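Here is the structure we will look at.
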There are 2 protein chains.
Amino acid sequence: MGEASRKKARRRPGTARGAARAAGEARPRKPKGAAARTRGLPRDGGLRRDLIDAALELVEASGTRGLGWREIARRAGVSHSAAYRHFENKEALLAAVAEEGFHRLTERMVEQVAEARDDVASRFEGMAVAYVEFAAESPARFRVMFGRDIPDINKHPALREAHDFTDGLFRAGVAQVLENVGKGGMTVDIDAFTLMAWSLVHGLASLIVDGRVGDVSEAAVDPGDRVRAMTDLIKTFAQRPRA
Amino acid sequence: MGEASRKKARRRPGTARGAARAAGEARPRKPKGAAARTRGLPRDGGLRRDLIDAALELVEASGTRGLGWREIARRAGVSHSAAYRHFENKEALLAAVAEEGFHRLTERMVEQVAEARDDVASRFEGMAVAYVEFAAESPARFRVMFGRDIPDINKHPALREAHDFTDGLFRAGVAQVLENVGKGGMTVDIDAFTLMAWSLVHGLASLIVDGRVGDVSEAAVDPGDRVRAMTDLIKTFAQRPRA
DNA sequence: TCGATTCTGTTGACACTGTCAACAGGGCAT
DNA sequence: ATGCCCTGTTGACAGTGTCAACAGAATCGA
């Protein structure tokens, strides 16, 4: 393994493209006209959708490790590398998967809040239940959303937006809780409080996703029940008699 | 992509080995004598160690995604596939990396506890600080330890043991806290309480590792300070005047 | 209406990966 | 001394992500 200078320095015959290109949407040619949306073959509604759906299925089934363009393309009924007309690279596809994940998570949080009793504690509990249940049901997707398959979320504006929306929803809920519970002349840093709440919820979700809870015996405890057990615990301490 | 039956069904000419083999240590030949430790070339102390060290460096530097046998082997001064005399496969190598991670984490927790003031709250805070600081300093290693690069920890007994030891340490600390704080006739489920504490700590660590906290302005808050801010917050609520 | 342009998909290639079989030499026990 | 086993090398194979070159179809500008 000594001998420097092997058979490197091939490739890149003509142009010098491919070197610097944003990880954005698809391969650009020329922005020019603004109406470049419904060109080319109709293809029943867009290959892009099909590719995302196929990727979603595969990610759910076997995680992000065994996810390959060839299999995705096969499921979508096209040849490999067709996907490169719709996604810059694999990371861009995963960003789309993550984006859909945040949309779904937001939906679930809104649902749970709507179903909750009309007090801030119940509403927050609803969001936490939605968060953890979502993670438990779609662990691989959850990992794509929060893991390092997408090293820099800022390179994917749509994903960034979806993330921020979910984030804002959660923060608003936490702020309400704090407002409601924080009487009594205490001054608490809202950011620190939010981070604590998020850590609690995200931590439980992560531990479930990574298979760290429920090793033996009790088999499968409902994730929602775990969250409720936690909030009950907090209430117990909040209402405990003074020492 | 049509035409079934391509040029498959090659390989596997002679023996039928490689089919069923545990994901344990290295390629077994015959356990036989118990003294098979210092055979072959001396190689300054074992290639296995060098491989783990090289893998550690690379994992820290660029995560588990760009981790390749060839580069690892090059750093260790051997040829690719030499590693297969010491590790069943890549997962086994990662398991070794994770195992070392748990050992290191345990060390740090013990250190912090030793340095802490002599009350249970401080000792627990010390463990939490160790946990989160470790994650922040070695995010890639933390991910290997808790992520899904190793799908089933039970296939790696040494890793399982290291994990369980750390886990036990943490649980013992939480149990002490509960014992100390749980006066007042309340009955709390110790498992639920432990899970809550672990979720809080692990959640903060995960959020930091995945770059979810500290997006703007405040740049780099010390992870230990974040933990202390959290425990202070909890104390504030624990000691708040009754409503 | 018609040619030019631009999308979108296919084909085939390249560099690179994990893993394995076949081989080779050194150290150990017999 | 002999033979076995350990540990390393070499070279291969199947499979990966990505790209260049090509080809048909839909649209736009004239």
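All chains are named by letter (A, B, ...) in the order of the sequence lines, taking the proteins before the strands, and each is independently numbered beginning at 1. No hydrogens, no waters, no symmetry mates; every other heavy atom, side chains included, goes into these values. Just so it is clear, the model here is predicted, and its values are computed rather than measured.
- In this entry the distance linking CG of B/Leu47 with C1' of D/dG8 reads 9 Å, nearest Å.
- Protein atom OH of A/Tyr84 is 19 Å distant from nucleotide atom C1' of D/dC22, rounded to whole Å.
- Rounded to whole Å, the distance from NZ on A/Lys90 to P on C/dC16 is 18 Å.
- B/Arg65 has its CZ atom 14 Å from the P atom of D/dT16, to the nearest Å.
- Looking only at side-chain heavy atoms (C-beta outward), B/Arg148 and A/Arg65 stay at 4.5 Å or farther from each other.
- Atom CZ in B/Phe87 sits roughly 15 Å away from atom P in C/dC20 (whole-Å rounding).
- Classification of the A/His202-A/Phe146 ring pair by plane angle, with boundaries at 30° and 60°, yields perpendicular.
- For the OP1/OP2 pair of C/dT19 and a distance below 4.0 Å, the side-chain nitrogens and oxygens of B/Trp69 include at least one atom meeting the criterion.
- A side chain to side chain contact (heavy atoms under 4.5 Å, CB included) with B/Val174 is found for exactly one of B/Leu169, B/Asp191, B/Thr194, namely B/Thr194.
- Atoms CZ (A/Arg74) and P (C/dT10) sit 14 Å apart, rounded to a whole Å.
- Within 6.0 Å of CZ on B/Arg75 lie more than 12 heavy atoms contributed by other residues, nucleotides or ligands.
- A close approach under 4.0 Å does occur between a side-chain nitrogen or oxygen of B/Ser79 and OP1 or OP2 of D/dT10.
- Toward the 5' end of DNA chain D, the nearer of the two residues A/Glu71 and A/Ser81, judged by each one's closest nucleotide, is A/Glu71.
- The base of D/dG15 does not come close enough to the side chain of A/His80 for any donor and acceptor atom to sit less than 3.5 Å apart.
- We find that CG of A/Leu67 is positioned 12 Å from C1' of D/dT16, with the value rounded to whole Å.
- Within 3.5 Å, a donor on the side chain of A/Arg70 pairs with an acceptor on the base of D/dG17, or the reverse.
- The nearest whole Å value for the distance from the CZ atom in B/Arg85 to the P atom in D/dT10 is 14 Å.
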